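Since the structure is predicted, the reported quantities are computational estimates derived from the model, not experimental observations. Reckoned from all heavy atoms, side chains included, excluding hydrogens, waters and symmetry mates.
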Amino acid sequence: MIILSVESSCDETAVALVRDGREVLTDQIFSQAALHAVYGGVVPEIASRSHVEVISQLADRALAETGLTRADIDAVAVTCAPGLIGALLVGVNFAKSAALALGVPLIPVHHIRGHIAANYIAYPELEPPFVCLAISGGNTLIVDVRDYTDMHILGATRDDAAGECFDKTARVLGLPYPGGKPIDELSKGGDDQKYQLPIGHVDGHPYDMSFSGLKTAVINLAHNAEQKNEPLDRASLAASFCRAVSDSLVPRAMDAVRALGYGKLAVAGGVAANSRIRKDFETACEKEGVELYVPPLKLCGDNAAMIGCQAYYELQKGIVAGSDLNAWANLDLSEEYPYEQP
Ligand code: KG4
């Protein structure tokens, strides 16, 4: 079964061809980061317009690179939620047209379910159940992955997502957008103990997280230093910041693994590329005898291969949509898609 999959939820346009869920034949990605960098964040209308411009070229290139033809496509999959609504609608409409023209099923896919599925591509032996920490630009979730399509949220951020916190902190440190990678690089020359930054807790909800206090603490530190004309050790602040984010995420995810007893932890999403977080998870999992799954960097960020992978399992559960499929800016990954089955 070959699935043509489409991802356009934020600032990456991506089209992939995936065979039988786990074999990526091609994964075409166009990053809009340079278009948005000048504004310090994603501008939704620019994102939608850029998706419109490149999406069909990426699909043509995917077929040309693999030597496949349109007749080889058995189904079309698309991210339908969550994300920027205008951006999502571009992918959804492209996928609807393709499925209609080819006469094949259309499979709607939740973006975070896709991020989790990136681990199936990276680790062919991985099967549910496991705990997944999904950390991206818009979401920070600890998920009980009971089965390929049966997931339950154990905890989530109450305010900023971890990636959003990286991006906003990077701006304060004078680093370009998106800020996760530049902070990661800057942190390597710093002392992670130099600045004591707050780690948010939510009373009575041990798996929930909060990052807005951390972001504010960095802003205050930077402003105080500026007002007093004191030098700011940016590398150490970046290192201390990465430590604080990691100290928010790693113990909570490990608590969830222990509580559920699966012995398996997967990490997913763009922030999973962070070297401090990866290292801390390796140490914690080794100490506790937990199997750790972290996708390679290319599969951590937004891509369409992960959507094609998840779509394979959604289709097996009979999840298909008609040509009235809509998109949703917000949708819980454990909810049913809010449309009538065709
Ligand atoms: O998963 P993703 O590509 O897009 C969303 O679905 O949101 O995640 C993007 C986020 C951005 O906030 C970016 O700054 C962050 O991932 N990121 C990182 C690193 N690389 C990307 N955060 C921390 N360390 C990194 N090395």
Side-chain angles (χ1 to χ4, degrees), residues 3 5 7 9 12 14 16-25 27 29 77 79 82 107 109-156 161-163 180 246 249-250 252-254 256-257 260-275 277-286 288-317 333-334:
I3 296 179
S5 52
E7 156 65 39
S9 64
E12 262 95 23
L17 287 161
V18 181
R19 193 194 319 260
D20 296 336
R22 300 208 184 201
E23 188 192 346
V24 180
L25 304 175
D27 190 10
I29 304 175
T79 305
I107 312 163
V109 177
H110 189 285
H111 181 70
I112 302 297
R113 286 185 178 213
H115 271 303
I116 294 170
N119 281 283
Y120 302 135
I121 298 171
Y123 300 97
E125 75 284 8
L126 176 64
E127 285 179 14
F130 55 89
V131 170
C132 184
L133 173 70
I135 35 178
S136 67
N139 293 270
T140 301
L141 302 168
I142 299 176
V143 184
D144 174 7
V145 184
R146 296 167 178 167
D147 202 349
Y148 289 102
T149 56
D150 180 10
M151 299 174 207
H152 172 71
I153 295 174
L154 299 167
S246 184
L249 300 170
V250 176
R252 284 183 173 84
M254 295 307 293
V257 177
L260 271 71
Y262 297 147
K264 287 190 271 186
L265 172 70
V267 188
V271 184
N274 184 264
S275 51
I277 296 169
R278 291 171 93 98
K279 188 175 113 301
D280 287 353
F281 269 122
E282 276 163 23
T283 309
C285 287
E286 198 178 322
E288 299 201 27
V290 169
E291 288 290 338
L292 175 65
Y293 303 88
V294 189
L297 298 191
K298 190 179 179 225
L299 284 169
C300 286
D302 286 351
N303 64 85
M306 66 186 196
I307 302 302
C309 175
Q310 180 61 24
Y312 179 75
Y313 297 102
E314 300 282 342
L315 186 62
Q316 285 181 7
K317 289 278 168 186
L333 93 168
S334 53

Any side-chain heavy-atom pair from [X] and [Y] closer than 4.5 angstrom?
{"X": "Arg113", "Y": "Glu314", "result": "yes"}
{"X": "Arg278", "Y": "Leu297", "result": "yes"}
{"X": "Met306", "Y": "His111", "result": "yes"}
{"X": "Val145", "Y": "Tyr262", "result": "no"}
{"X": "Asn139", "Y": "His115", "result": "no"}
{"X": "Gln310", "Y": "Thr149", "result": "yes"}

Worksheet item: Of all residues at least two apart in sequence or in a different chain, which pass the side-chain contact (heavy atoms from CB on, under 4.5 Å) check with Ala14?
Response: Glu7, Ile29, Ala304

Worksheet item: With sequence neighbours excluded, what pairs up with Glu286 under the side-chain contact (heavy atoms from CB on, under 4.5 Å) test?
Response: none

Worksheet, complete the sentence: Only residue of Ile142, Leu260, Val250, Val290 satisfying side chain to side chain contact (heavy atoms under 4.5 Å, CB included) with Leu265 is Val290

Worksheet entry | Polar side-chain atom of Lys264 near backbone of Glu127 as donor-acceptor pair, under 3.5 Å | yes

Listed pairs under 3.5 Å, donor-acceptor, residues 266-273 side chains, sequence neighbours left out:
none

Worksheet entry | Non-hydrogen atoms of Gly308 and Ile3 that approach each other most closely | O-CD1, 3.8 Å

Practice prompt. Grab the two heavy atoms, one from Arg22 and one from Leu126, that are nearest each other, plus how far apart they are.
Written response: NH2-O, 2.9 Å

Discussion item. Please enumerate all residues that pass salt bridge (charged side-chain N to carboxylate O under 4.0 Å, His left out) together with Glu288, with sequence neighbours excluded.
Written reply: Arg258

Worksheet entry | Residues forming a salt bridge (charged side-chain N to carboxylate O under 4.0 Å, His left out) with Arg19, sequence neighbours excluded | Glu23

Worksheet item: If you round to the nearest 0.5 Å, how far is OH of Tyr313 from CG of Asp147?
Response: 10.5 Å

Item to complete: Please name all residues satisfying side-chain hydrogen bond (donor to acceptor under 3.5 Å, both in side chains) with Tyr120, sequence neighbours left out, ordered by chain then number.
Response: none

